[in-house]
Amino acid sequence: MSVEKKRQSWHWFLLVGLEKRIFATGLDNIKPIANICQVENGIFIPNMEDSSFLEQNFIYHIMQVLVKHIDTLRKYTPFIPQFISHEHIDASCRKSDYAIIDLLNKSENKSEEMIEILEYVHDKCIGKSDEETQLHLKMRVFGGDVLTNERAYSAQLALHNGTSELDRLQCVIHRPEGLHRIMNHLLFIYQQFYKVTSAGEPGTLSHLRNTVGRVDVHGPDEVIQKYRSHYAFVEDCLDAFIVGAYMHLSGTQNLQTESPLQQTMFNFLSDEQKYTFIHKLAKDILDKYVKTDIHNIRRKTDALDTQSSQLKDMYCSEKMKYVCPICNKLYKAKGGMKRHLNKEHGFSFELGDENSTTEKDHIATYRASFMTCALLLRDTNDAYKMGDGNRITVNAKFQMLLARVGKHTKYQLWLFRYLAYIKCLLTPQMAYEYMWNCSANLQGGLGRNIPNDNLVEILVQTVKKKVYCQGANASYASVRKAALTTQIQEEIKENLQSQCDKKKSGSKRPKANKTSDILEMVSELNAAQMFDSIPGREFRSFSGFEDLFTRINVSELHSWITENRERLSYEVLN
C-alpha cells in the first residue's frame, strides 16, 4: 500500500555489474570464428566426443552416489576426485567483485522502456575509444532469463536500421543464464515424467512422491514457484535409482550385506586399482541402466548436411537455377530438383529409420530416460558451481534437443543462439570469455560459484526487503537510494564485526538427512522391478513411452537449424 492509499505494482529494472574473472587475451579479437551461413548444422548437435565427455561426467556423479549411500563402498571415497576439474579452476575459486549499478524506473515488459534500458547500458557501461566516432572497443554480455533475453533482442531488432553500432544497440550480446536454464530443464523433467494419474503405479515419480510424503511437490504446474523442493525431490529420486541399479547389478538384497562385486585384499591394492574398480562399477551402471542412443541424431544430421551441400553445388548462379548433373535439366526450386533426382535418377533423400520388430520394455525406457535427464540436471548444476564453461556449453547441446522434445520453443531458440555465439558469431576471444564467465563466487572457495542470474535474484530480494521496511513511505527515489547504498552498508557492518571480533551471523540451511527417504524409494523401485528387462510392459499413464531422443524428427530439426542460421545471419551484424 502506498501513501496514496491504493495498491501499486512497481516494475523496476535492477542493473548489476559483474567483474570478468577469466580472460583470453591471447586469442584473436578481430574476426568472427566462422560465417554462420557456411557452417554445417552438425556443429550444433552433440558428436561422439561430446557424448563421451558427458558420459565421463555421469560416471563421476554415479561414483559419488555409490560411496555416499552404500556402506561397503564408502572406503573408496578417498580415491575419487573431490570435483571435476577444469583449466580455470583457480580463477573460479576467486571471490567475484560485483556492484549494483542502478535501479531503473523502467519495465522490461514495455518495448519502449526496454529500448531505454539498453540505451542506458550503452551510455554508461560500454567502453569507447573515441567519443566523436563512437568506436566501441568492448562489448558487454547482457544476461538474464529467456524472457529478458527475448525482449532485449527484440529491442535491438526494432532499431536494426540504425546507421551506427550505437544506434542499433549492438554492443551487448545476450546469454540465457544458469538458474533459469536449470529451472527450464527441471520443468521439462516434471512435464515428461510426472503425472498425478500415475500415483497408483509403483516406480513412477508421482508414486515415489506419495511414498516418502513430499507434500510440497506438485508437479510441473508449481516447479517455478516451489523450485527448491521440486529440485530436491528429483535429486533424491536420482540417488534412489542409482542405488537400486547397484543392488540389481550386484544381486544384493540390502545395502549392509557384502556384495559379490568386491575387491579382495583391498589394503594391498594401489590407489589406481581402487579407483579403476569403482569407476568400472559406475560405468557398468551407466551402460546397463542409463545409456540412451543419441548418436543416431548426429548420424542423420551429418547425412542431411551432405545432401544439402550436394544440392548447393548443383545451383548455378548465372542461370539462377538448379542444374541436374546427369541430364542438365533446370529447376527453379530445391524441392523440384530433389523430386527430379528421386524420380528420374533414383536418388534417395529419405533417412532410413531402424525400426525394431521386438517388443520394448517401456518401463525400462522410462527409467533410463529419467536417469539421463536427472544426471544432466545434476551435471549442469555442478558445472555452474565449479564455473566450468566447457561443461555448460556441451550440456547446452543436449538441452537444446530436449527442449525441442518438450516443445519449449523460446528456450530451444535461445540455447541455439547461445551456441551460435560461441561457434560462429563472436571472435575467438569474445567467445571464450562469453563461455567461461558464466558464474559468480560471492564468498570465494572451491565449488561455491552461483549462476549470474542467481546473484541478481539474491540482490533483488535484498532490495525488496528495503521496500518492505519503508512501508507506505516507499517510492522509487527512496528505494533507489537504498539499493545503491546496500553494499556500502554491508561493508561497514562487516568492518565493525571484524573490529569487534564478532562472528558473522550465518544464514546457511542445515543439511537434511534424506537417507531414510532414499532407502524407502529404493525398496519401492525394487518391488516394482524397475531394473529388470521385461518386454511388453508399460505404465498406463505413460503408455508407449519412448526414449526422448528418438522422438526427435531429425529432418525437421535440420530444417529448423538451417532456418535459424539464416535468420541469425542478418539479425546479428558482425
Residues that [X] engages under side-chain hydrogen bond (donor to acceptor under 3.5 Å, both in side chains), provided they are two or more places apart:
X	answer
Thr380	Asn395, Gln399
Asp97	none
Thr365	none
Tyr289	His248

[X]: which residues meet the side-chain contact (heavy atoms from CB on, under 4.5 Å) condition with it, sequence neighbours left out?
X	value
Glu55	Leu286, Lys291
Phe23	Lys20, Thr25, Glu433
Glu108	Phe13, Met114, Thr148, Arg151
Lys283	Ile59, Asp287

Please list, chain by chain and in numerical order, all residues satisfying salt bridge (charged side-chain N to carboxylate O under 4.0 Å, His left out) with [X], sequence neighbours excluded.
X	answer
Arg404	none
Lys288	none
Asp453	none
Asp284	Lys280

NZ or CZ of Arg181 within 45° of Tyr418 ring axis and under 6.0 Å: yes

pair Asn441-Tyr98: side-chain heavy atoms closer than 4.5 Å: no

Donor-acceptor under 3.5 Å (Gln273 side chain, Gln263 main chain):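 No, because the side chain of Gln273 does not come within donor-acceptor range (under 3.5 Å) of the backbone of Gln263.
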
Arg378 bridged to Glu235 by N-O distance under 4.0 Å: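 Yes.
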
